[in-house]
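So that the names make sense, note that chain A is the first sequence line, chain B the second, and so on, each numbered from 1.
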There are 2 protein chains.
Amino acid sequence: MSVLRKSTVALVAQRAGVSVASVSRVLNNLPASESIAAKVRKAAEELGYVPDAMARSLKVGRTEQIALAVADVGNPVYVTMMHAVSEVVREAGFRLVLSSTGNDPNDVVELLDNLERGYADGVILSPLRITDEIIARLTSTRLPVVVIGSLPQGVLLDNVRADSRTGVDIAVARLKATGRKHIAFVNGPVDTVPGSARLTGYLAAMESRGLPTTADMQVEASDFTYAAGLEAAQVLTAQATPDAILCANDLLAVAVMKVITSKGLRVPEDVAIVGMDNTDLADHANPSITSVDLGSAERAREAARLLLARIEDPSRPSETTVVSPWLAERESTAEGASRGKNVKARKPELEEGVS
Amino acid sequence: MSVLRKSTVALVAQRAGVSVASVSRVLNNLPASESIAAKVRKAAEELGYVPDAMARSLKVGRTEQIALAVADVGNPVYVTMMHAVSEVVREAGFRLVLSSTGNDPNDVVELLDNLERGYADGVILSPLRITDEIIARLTSTRLPVVVIGSLPQGVLLDNVRADSRTGVDIAVARLKATGRKHIAFVNGPVDTVPGSARLTGYLAAMESRGLPTTADMQVEASDFTYAAGLEAAQVLTAQATPDAILCANDLLAVAVMKVITSKGLRVPEDVAIVGMDNTDLADHANPSITSVDLGSAERAREAARLLLARIEDPSRPSETTVVSPWLAERESTAEGASRGKNVKARKPELEEGVS
DNA sequence: CTGTTAGCGCATTCAG
DNA sequence: CTGAATGCGCTAACAG
């Protein structure tokens, strides 16, 4: 079983009475006679032989590791992505090394520098902000890269993006259909990838339906966080009285709902709330929050697949995939509750059967 | 700056007109004449030389990677730990490789097998269930290991544990002090490390205060998840009418609160709720949930420090640290609200100043 | 089908 | 202080 000294192919070969090459072949399932294979396997078993990952990597030029760099580990959407990526790459025999980059674009550059050391066979990154410098580094590196998030036109990089525009449009359409007329927007920083995309989507969705987009109905949180959401919501409620609030992510939506209810307003009776990303946060909130599902898990899985494909074939043409959004409807946008009256929203999953 | 071909010490040596040994010395800050150092640095810069991580690892016998294995990435407490570990090890120049093990103890064994390949210099793990087999594997491996979570007496392994017992006691004490008399307990699976510790703590805390611990006031969720929490809460509310509910983690607490409010009961007026782990979940809930802080981040940081110390000196005696819990009080246990009356809980952080 | 040999890129003996 | 040579453990040519 287990042995004290760390064993090597040489030791196994010696014990089995064969050459190191044969040991390597048997252990890698290359053609070998059954008699030798048996001896090797026996010796390997007896010595508790385990191949050395680093030595193998140095030789074959592959580390069997892929790096994942996300912006904010505090945001559940990144946790979802991490999980999804983890599964796909593990399936393919790769390990996941986590490289959380903060909000600072310099962190990404630094990360890419580090990756040149070759400790990973590829990297998936989902930066909040994509600067020209990052693009330049990304396109010039020979390391396989997939970015999650929209890239400027013409950049030849594998990337998978959400369709925020359509996502926002679906949400606005639904809110309008259920009688909401004053739809406010609580965005995150507009100088980020998701922030700018979602603002564009909001404006387009509103204007195409002849809905007003006055300045007092739009606020920009300083960050995609709960704390920033609280502040933004205070600002919004001080300057406007929307009957629906669309939030750029679920964290913001939860914060907005907190402020709204603290003002004595009811959700969804007085104001409907919609989040984005459809994380557990939206489902666990009370009342639960309708959220635009931007396919985070699917994007992450697809990114992992693209990366594995590129590692397999570095010369393949770069690819861009777009995943389609849908609306996960929950209590925060329920109709049926008579507006302006104190009626509880339906909570279908909690109703008890008549026994 | 950047160059197409990957460069090596040999190429740098050639360009600098010195030996590879000198290159290695200069780059590792070993004694060398300033004239040679300058030439080497210049050549390295011009060639965009970056040392190869795998080759270095093979040579020096260290990978500069540490593995972290957590049970459930869906639970925010593990995200917190991941983040904390990440920071400490990065500081020390290590990378973090993530190895999420599921609920199955076999996954841990498999993980340990894999680690024998030597892709990490040590591992931190926080398993939900610790079987004898896991202990056996852990104590017999020569890989530095730190476990987060309580270990049986006499096991000589570095480990850092939470003091759940005291944590629960603080919570119960506070609930009693604020007039709660019927304190129910929603636990997770009792065959897990936290599940058993927290149950023990609950029983001890209640009995030491002469509070009743009838069977109908205790339910065991099938898992430490929101969905399991919903079910458990249904069971509890069907069989008992507590005026306070202590939950074994925040996810359960959020679920319990959902069910409670759906029954038309108010938190905290009719029933107080207390969670454990003090994750963002508790803070973001509405009303926000009082939670026992078991020092997740601190435990993780300490675990990382212990691991680094052991990697540094494998023969050092094993160490056990215990971190002290405290109670993060929030709205869900507020007093002052007149019990049984429809009065809103205080929300201090949301009150607007009089302007 | 099998064994011998040569490196992968680096740090580190040992001579000089 | 510097350079030539060795080998970490493994796989892949190449020869037999």
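- Of the possible polar contacts, one joining the A/Arg310 side chain to the A/Arg316 backbone as a donor-acceptor pair under 3.5 Å is found.
- For A/Lys59, whose side chain is taken as the heavy atoms from C-beta onward, the closest listed nucleotide among C/dC8, C/dT2, C/dC1 is C/dC8.
- In this structure, OH of A/Tyr119 is placed 19 Å from C1' of C/dG9, rounded to the nearest angstrom.
- Look at CG on A/Leu30: it is 12 Å from P on C/dT2, rounded to the nearest Å.
- Here C/dC8 presents its P atom at 18 Å from CG of A/Asp52, a figure rounded to the nearest Å.
- Within a 6.0 Å radius of CG in B/Asp191, more than 12 heavy atoms belonging to other residues, nucleotides or ligands are found.
- If you check D/dC8, C/dT2, D/dC10 against the side chain of A/Ile36, the one that comes closest is C/dT2.
- If you find the closest nucleotide of DNA chain C to B/Ala10 and to A/Val20, the one lying nearer the 5' end belongs to A/Val20.
- In the set D/dA4, C/dG3, C/dC10, C/dG3 carries the atom at the smallest distance from any side-chain atom of A/Arg25.
- When rounded to the nearest whole Å, the span between CZ of B/Arg117 and C1' of D/dC10 equals 13 Å.
- Residue A/Val60 places its side chain closer to D/dT11 than to any other of D/dT11, C/dT2, D/dT2.
- Comparing D/dC1, D/dC10, C/dA11 by their closest approach to the side chain of B/Arg56 singles out C/dA11.
- At a threshold of 4.0 angstrom between heavy atoms, the contacts of A/Ser22 are confined to the sugar-phosphate backbone, with no base atom among them.
- The listed nucleotides are C/dC10, D/dC10, D/dT2; the one nearest the side chain of B/Ser33 is D/dT2.
- Across the protein-nucleic acid pair, A/Leu58 atom CG and C/dA6 atom C1' stand 13 Å apart, rounded to whole Å.
- Looking at A/Glu64 and A/Ser57, their side chains never bring a donor and an acceptor atom within 3.5 Å of each other.
- Following rounding to the nearest Å, B/Leu27 (CG) and C/dG9 (P) show an atom-to-atom distance of 16 Å.
- To the nearest 0.5 Å, the span separating OG1 on A/Thr80 from CZ on A/Arg299 amounts to 10.0 Å.
- Take the nearest nucleotide of DNA chain D for A/Val23 and for B/Ser19: the residue whose nucleotide is more 5' is B/Ser19.
- As a whole-Å value, the separation of A/Asn29 CG from D/dC10 C1' is 16 Å.
- Counted by atom type alone, A/Asn159 and A/Thr320 present one or more donor-acceptor pairs between their side chains at under 3.5 Å.
- Distance CD (B/Glu34) to P (D/dT2): 10 Å, rounded to an integer number of Å.
- For the pair B/Thr8 and C/dC8, the criterion of a side-chain N or O lying under 4.0 Å from OP1 or OP2 is not met.
- Comparing D/dC10, D/dC8, D/dG3 by their closest approach to the side chain of A/Val9 singles out D/dC10.
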